[in-house]
Amino acid sequence: MRPKKIAILHFNVIEKYPPVMNFIYDAIEENPGVQILVFTTKNTTTYQTPKFPNTRIYRFGKVSSNPLVRYFSYINYNLFSSLILLYCKVDFITAFETISIFPLWFKNLTKPKTKAHIHFHEYLSMQERMVGSAYMKFMFKLEDQLLRENTCSQTNEDRKCLFLEDKPFIKPEQVEVRPNMPPKSWWTTYGQYKKPSSDGKLSLVHVGTCDNNTMYVKEVLDWVSANQNSFELTFISQEIHKETNDLILSYNCPVIKIIPPIDYYQLPQELVKYDIGLVLYKGHIPNYVYNVPNKVYEYLACGLGVLTSVKLTSTINLKHKKIRAIDFSDLQDEVLQEYLDKF
């Protein structure tokens, strides 16, 4: 029997997490009559909130780097979300990430038969969990209680295996693999009609957070600036660290540019202008090594080739014909050109 009303718990601003917005759209498409309650925080981004049918969004607190504001927001979010769920009958609850689970734990405490699922955008190693704040360590304990009775999901098979190693009390059949895929319309409307550049240059693009400390930004800048007749490079980011932004601008190179962030659902119209999407993570923690970033699927859905770091094991394990892995820390023109010629 299809649920009549579902709740989605996502502490972090949903507008910054396309997989959550896609989840809402997919739920409505599969069950047009479903009512959806979303519990999140204040939209502090420049992104517009999509108009989801049959959906009510509650916002309590906001994400902030200020500890006082952040902890007040935790209390605000947990208290009011829990109270609403206590008096509201829902058939199913999906919680995203550990930081969102308190209202689910409270609902489960008062109504143990509540059906629920926990999805993890990221993988946190046991070492990372051990150095977390006191608040997060408390949340990890609540999470373990919930995981004994409910299903959960990771974004790829490698993360699932690591997760099961970390939590041997969980049965393998309780853990699903749910990749963060973009809407199917990206391929049917844009990707399948993608045409290569006609000006003789390969057009490269990087989408998303950009940080030279954890990504091979400088290495790519050096390579493109030295080969201006062959390549163009564009950064599309809602979050470029100041030092990284200054680094990019310091090249003062006509084929390297930064453009403002683009609304997620308008992104395909921009991406089809490029040939290759870049995935520049250095793989400094397991979460990135065993990661298939959302942008990989987004590039592929728009018909682009993907150039990724050799450090990203899970992305390479996809064995997709349009994904090439190279060592960004040792870019050699002849080797790189060989890779690019295969696209």
Side-chain angles (χ1 to χ4, degrees), residues 6-28 36-85 93-105 117-124 132-133 135-136 139 143 153 155 178-183 207-211 214 235-242 244-245 260-267 287-288 291 293-295 297-298:
I6 64 175
I8 295 172
L9 298 169
H10 196 282
F11 178 84
N12 288 311
V13 185
I14 62 169
E15 287 78 6
K16 289 184 67 175
Y17 290 81
V20 183
M21 297 189 289
N22 293 337
F23 178 84
I24 297 172
Y25 277 126
D26 289 344
I28 295 170
I36 301 177
L37 305 179
V38 179
F39 298 87
T40 188
T41 44
K42 181 180 179 182
N43 182 8
T44 55
T45 73
T46 58
Y47 299 129
Q48 295 295 313
T49 305
K51 294 182 179 179
F52 301 111
N54 311 334
T55 301
R56 181 169 183 177
I57 301 177
Y58 296 93
R59 297 184 186 272
F60 304 116
K62 67 178 182 179
V63 177
S64 174
S65 58
N66 183 311
L68 289 177
V69 174
R70 184 168 67 252
Y71 278 93
F72 178 77
S73 294
Y74 289 155
I75 295 170
N76 206 1
Y77 178 85
N78 290 335
L79 175 63
F80 288 105
S81 299
S82 297
L83 287 174
I84 292 173
L85 284 175
I93 300 175
T94 297
F96 288 82
E97 294 291 357
T98 311
I99 201 169
S100 308
I101 65 168
F102 184 90
L104 171 57
W105 176 84
H117 181 88
I118 302 171
H119 178 73
F120 297 96
H121 293 305
E122 313 291 350
Y123 166 74
L124 272 183
S133 66
Y135 176 76
M136 287 308 301
M139 297 296 280
E143 175 188 282
S153 52
T155 58
R178 295 186 181 181
N180 291 331
M181 305 294 286
V207 174
T209 300
C210 193
D211 177 13
T214 59
F235 294 91
I236 306 173
S237 178
Q238 78 286 358
E239 188 177 341
I240 298 184
H241 293 220
K242 185 180 184 305
T244 303
N245 188 76
I262 297 170
D263 181 81
Y264 179 73
Y265 293 103
Q266 303 300 318
L267 194 56
N287 180 52
Y288 287 103
N291 180 27
N294 299 344
K295 62 172 65 70
Y297 295 116
E298 292 160 3

Nearest 0.5 angstrom please: [X] [atom1] to [Y] [atom2], how far?
{"X": "Ile93", "Y": "Ile8", "atom1": "CD1", "atom2": "CD1", "value": "11.0 Å"}
{"X": "Met139", "Y": "Ile101", "atom1": "CE", "atom2": "CD1", "value": "5.0 Å"}
{"X": "Gln48", "Y": "Asn43", "atom1": "CD", "atom2": "CG", "value": "8.0 Å"}
{"X": "Leu267", "Y": "Ile262", "atom1": "CG", "atom2": "CD1", "value": "6.0 Å"}
{"X": "Ile240", "Y": "Phe235", "atom1": "CD1", "atom2": "CZ", "value": "7.5 Å"}
{"X": "Tyr123", "Y": "Asn287", "atom1": "OH", "atom2": "CG", "value": "9.0 Å"}

Side-chain donor/acceptor of Glu15 to backbone N/O of Thr46, under 3.5 Å: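 Pair absent, no side-chain N/O of Glu15 close to backbone of Thr46.
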
Main-chain N/O of His117 paired with Thr94 side-chain donor or acceptor, under 3.5 Å: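 No, the answer is negative, given that no donor and acceptor are paired below the 3.5 Å cut-off.
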
Decide yes or no for [X] and [Y]: does some side-chain heavy atom of the first lie under 4.5 Å from some side-chain heavy atom of the second?
{"X": "Thr44", "Y": "Val63", "answer": "no"}
{"X": "Asn294", "Y": "Pro19", "answer": "yes"}
{"X": "Phe120", "Y": "Glu143", "answer": "yes"}
{"X": "Tyr25", "Y": "Pro183", "answer": "no"}
{"X": "Gln238", "Y": "Thr209", "answer": "yes"}

For Ile57, side chain to side chain contact (heavy atoms under 4.5 Å, CB included) partners two or more places apart: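 Scan of Ile57 (side chain to side chain contact (heavy atoms under 4.5 Å, CB included), adjacent residues dropped) gives Ile14, Val38, Thr40, Thr49, Phe52, Thr55, Arg59.
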
Side chain to side chain contact (heavy atoms under 4.5 Å, CB included) against Ser81, all qualifying residues, sequence neighbours excluded: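 Residues passing side chain to side chain contact (heavy atoms under 4.5 Å, CB included) with Ser81: Phe39, Phe60, Tyr77, Pro103.
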
Stepwise side chain to side chain contact (heavy atoms under 4.5 Å, CB included) check, Glu298 with Tyr264: CA-CA 10 Å; Glu298 292 160 3; Tyr264 179 73; 3.2 Å; yes

Pairs touching residues 62-75 that satisfy side-chain hydrogen bond (donor to acceptor under 3.5 Å, both in side chains), sequence neighbours left out: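 Qualifying pairs, neighbours excluded: none.
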
Tyr17 versus Asn22, side-chain donor and acceptor atoms under 3.5 Å: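 There is no such pair between these side chains.
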
Minimum-distance pair of heavy atoms, taken over all atoms of Gly61 and Asn76: N-ND2, 3.6 Å

Thr155/His119 under side chain to side chain contact (heavy atoms under 4.5 Å, CB included): CA gap, chis, key distance, verdict: CA-CA 8 Å; Thr155 58; His119 178 73; 3.9 Å; yes

Aromatic plane relationship, Phe96 with His10 - under 30° parallel, 30 to 60° tilted, over 60° perpendicular: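 Judged by the thresholds at 30° and 60°, the geometry between His10 and Phe96 is tilted.
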
